[in-house]
Amino acid sequence: MVPNGSLGFRRDHAHWNLTLETDPALTMYGKGGGAAEVLLARFDEGSALLRRGVPVVRVGEHVVTTVYDLLLAQYGVARDGLPGTWPTGYDDALEPYTPGWQEPITGGPGGRGRSGSPASWARPRCAPVAGA
């Protein structure tokens, strides 16, 4: 429960009760700040880790990125100029969270063309996005 008057509440229909001291950004990619390698948990192999890269910028003494950039790194969405190990494509069965990796788990057709809904081709094992 959040008390009335907290930062996310509207002041009126057209204005938010929100004061920002910076411009919010969805991603740091393309901002010219560089990249950093992060270690992310790989939930299918015990304590194994994924080495992925995220775009970063410096804010004062801190190196920062966005949650969106971390999410793309977790799911293996490769972007030019970022360090780390990335899937080679949708059919890559060795890198986690790709359709090719999920095929043996869900019973679906992996990265190949799909028709119908996931429930129609994955019966009886229809699963949400792995790693979410």
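The model shown is predicted, which means the values in this text are computed figures rather than measured ones.
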task: With sequence neighbours excluded, tell me which residues meet side chain to side chain donor-acceptor pair (under 3.5 Å) with Thr98.
output: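 Thr98: no side chain to side chain donor-acceptor pair (under 3.5 Å) contacts found.
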Search all heavy atoms of [X] against all heavy atoms of [Y] and return the closest pair with its distance.
X     : Y     : answer
Arg52 : Ala73 : NH1-O, 2.7 Å
Ala35 : Gly81 : CB-O, 4.2 Å
Tyr97 : Ala41 : OH-O, 3.9 Å
Pro55 : Thr27 : CG-OG1, 4.3 Å

Quick check on the hydrophobic clustering: are [X] and [Y] connected, directly or via other members, by side-chain heavy-atom contacts under 4.5 Å?
X     : Y     : answer
Val57 : Val38 : no
Phe43 : Trp86 : no
Val64 : Leu40 : no
Leu49 : Leu70 : no

What's the spacing between [X] [atom1] and [Y] [atom2] if we round to 0.5 Å?
X     : Y     : atom1 : atom2 : result
Gln74 : Leu50 : CD    : CG    : 6.0 Å
Arg42 : Glu95 : CZ    : CD    : 6.0 Å
Thr65 : Leu72 : OG1   : CG    : 9.5 Å
Tyr29 : Leu82 : OH    : CG    : 6.0 Å

Between Asp69 and Met28, is there a donor-acceptor pair closer than 3.5 Å when you use the side chain of the first and the backbone of the second?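 Yes, because the side chain of Asp69 sits within donor-acceptor range (under 3.5 Å) of the backbone of Met28.
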